[in-house]
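Reviewing the structure listed below.
Throughout, a chain's letter reflects where its sequence line sits, starting with A, and its residues are numbered from 1.
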There are 2 protein chains.
Amino acid sequence: MGISERKAREKQEMRLRIIEAATEMFMSEGYEKTSIRNIAEKIEYSPATIYLYYKDKDELLYEVQKQAFSQLEEAFARDATSPDPWVRLGQICHSYVRFGKAHPEMYELMFMMRAPMNSIKENEPWRNNTDSFVVLLTCLTECMEKGLLRFKDVTLAAFSVWAMGHGLVSLDVSCRLQAMNMTEQHVEEMILASIEQYLNLIKS
Amino acid sequence: MGISERKAREKQEMRLRIIEAATEMFMSEGYEKTSIRNIAEKIEYSPATIYLYYKDKDELLYEVQKQAFSQLEEAFARDATSPDPWVRLGQICHSYVRFGKAHPEMYELMFMMRAPMNSIKENEPWRNNTDSFVVLLTCLTECMEKGLLRFKDVTLAAFSVWAMGHGLVSLDVSCRLQAMNMTEQHVEEMILASIEQYLNLIKS
DNA sequence: AAAGTAACTAAACAGTGTTCATATTTTTCA
DNA sequence: TGAAAAATATGAACACTGTTTAGTTACTTT
């Protein structure tokens, strides 16, 4: 049955073409410009065709989000290379912040927008972030095994570190920092200083 | 010239009626349902009329945001009453989290959505959050004067505390925590535990 | 070649923010 | 008081949005 396999492959290729167009649009033009109609035009199909491959826009955005998370993983793989878990923790934090600043629209899709989360079925977990979260979790586990951290529980530690990083990046992405009598450079310094400070606080 | 004053007052009353309708809609029906047309219908005017009082939807949302921030201030005034700044810091944090959980749509408007920030003119600061931020700033200043905190700079301290709180609340509001194999109760416990842990970390 | 299936799309629906020419109401002033 | 002027309000339109459906085209199977 080579034909049905080819069909399935073609279907998958079309799905990929759609989210690649959407991803590119998201990165270069931003969320506002990324409409079903614009995506359709980009891949030279009718808008209705997209609905043969994705249930609705939320489901499409969920797949674009997945794409974005694998980009974050790549960034982690490039930046967080030290065998020393404590050094690596710093690398992860800086990589995270750099990613957010470089791709604010993607960051919004990954961590701030409600839309993509609507397509998760009830009682099913969010898988898109799993791999990148594990990078942090593993690093913190290693740190704690060496007794480097003032934490008791690894999970709680991971959530705290994530929350701290996300708090800083998302306030920046959502323009809440620029708005407070700060220059763009000042904002960046403050974010880095906050992270340095936080890492110092959690070090035992 | 009592007439022009009355006119100005009436104009202000109309502006208020509009944002009160919008605020109520935002809280009960959510952002999605709060359209110019729906607001207009609620106050029994034509949609076009709203544009005589507000330049665009972003400007309107900015005023609704202002309303929301004064509600947060009220919450702080109710909850953060201790004369002991260290105790009060805990009260502020818990008040903040409770507010976010009670009014997620408002929280989004205050700290996550881009839209309301678009109406801030270039090189003009964001004033809506000033008063509530000062509550935190004052508290931390008092704490540091008593040597209770492991911070050097008050501003940096305030940003860090805010970022931590916002990180936790916004991840919750944007459904990033529920999505990770956690029950709603578990999420709440984790947020509170993270805050307790953080307060412990910053205590000298 | 005919029948059946899969892929695609034009057109429409109901909604959005926003603008503008056209009323309607209110105020001013002769 | 009555006409001109100014302020206020709106109906209708424009250009969008996500989504659905009926109908067409293209390919596969018999």
Whole-Å distance between [N] [atom2] and [X] [atom1]?
{"X": "A:E59", "N": "D:dT19", "atom1": "CD", "atom2": "C1'", "answer": "14 Å"}
{"X": "A:E41", "N": "D:dC16", "atom1": "CD", "atom2": "P", "answer": "10 Å"}
{"X": "B:R17", "N": "D:dT8", "atom1": "CZ", "atom2": "P", "answer": "13 Å"}

Using a strict heavy-atom distance below 4.0 Å, which residues from residues 19-31 of chain B are in contact with DNA chain C?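 Output list: empty, so none.
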Going by the rule ring-ring contact (aromatic ring centres under 6.0 Å, His included), which residues pair with B:F69 if we only count those two or more places apart in sequence or in a different chain?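 For B:F69 the ring-ring contact (aromatic ring centres under 6.0 Å, His included) partners, ignoring immediate neighbours, are B:F111, B:W126.
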Taking side chain to side chain contact (heavy atoms under 4.5 Å, CB included) as the definition, give me every residue that meets it alongside A:E74, ordered by chain and number, with sequence neighbours left out.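 A:E74 satisfies side chain to side chain contact (heavy atoms under 4.5 Å, CB included) with A:R78 once adjacent residues are dropped.
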Partners of A:V87 by side chain to side chain contact (heavy atoms under 4.5 Å, CB included), sequence neighbours excluded?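 Scan of A:V87 (side chain to side chain contact (heavy atoms under 4.5 Å, CB included), adjacent residues dropped) gives A:S82, A:D84, A:Q91.
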Keeping to residues at least two apart or across chains, list the ring pair (Phe, Tyr, Trp, His ring centres under 6.0 Å) pairs with something in residues 33-56 of chain A.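 Listed once each, the pairs would be none.
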Test side chain to side chain donor-acceptor pair (under 3.5 Å) applied to B:E13 - qualifying residues, sequence neighbours left out: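 Partners of B:E13 under the side chain to side chain donor-acceptor pair (under 3.5 Å) test: none.
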Among residues at least two apart in sequence or on other chains, which ones pass side chain to side chain donor-acceptor pair (under 3.5 Å) with B:R114?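 Side chain to side chain donor-acceptor pair (under 3.5 Å) check on B:R114 returns A:E108.
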Interface polar pairs with nucleotides 4-8 of chain C, N/O, under 3.5 angstrom:
residue : atom : partner : partner atom : Å
C:dC8   : OP2  : A:Y53   : OH           : 2.4

Would you mind listing every salt bridge (charged side-chain N to carboxylate O under 4.0 Å, His left out) that reaches into residues 148-164 of chain B, with sequence neighbours excluded?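 Sorted result for residues 148-164 of chain B: empty, none.
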Salt bridge (charged side-chain N to carboxylate O under 4.0 Å, His left out) partners of residues 51-65 of chain B, not counting sequence neighbours, each pair once: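 For residues 51-65 of chain B, and leaving out neighbouring residues, the salt bridge (charged side-chain N to carboxylate O under 4.0 Å, His left out) pairs sorted by first residue read B:E63-B:K66.
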Would you list the pairs meeting side chain to side chain donor-acceptor pair (under 3.5 Å) in which at least one residue belongs to residues 17-26 of chain B, sequence neighbours left out?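 For residues 17-26 of chain B: B:E24-B:K42.
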Member of A:I191, A:V173, A:V97, A:L192 meeting the side-chain contact (heavy atoms from CB on, under 4.5 Å) criterion with A:L168: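 Testing A:L168 for a side-chain contact (heavy atoms from CB on, under 4.5 Å) against A:I191, A:V173, A:V97, A:L192 leaves exactly one candidate, A:I191.
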Using the 3.5 Å cut-off, write out each protein N or O paired with an N or O of nucleotides 16-18 of chain C and the distance between them.
residue : atom : partner : partner atom : Å
C:dT16  : OP1  : B:S35   : OG           : 2.8
C:dG17  : OP1  : B:I36   : N            : 3.2
C:dG17  : OP1  : B:K57   : NZ           : 2.9
C:dG17  : OP2  : B:I36   : N            : 3.0
C:dG17  : N7   : B:R37   : NH1          : 2.6
C:dG17  : O6   : B:R37   : NH2          : 3.0
C:dT18  : OP2  : B:Y51   : OH           : 2.6
C:dT18  : OP2  : B:K57   : N            : 2.8
C:dT18  : O5'  : B:Y51   : OH           : 3.2

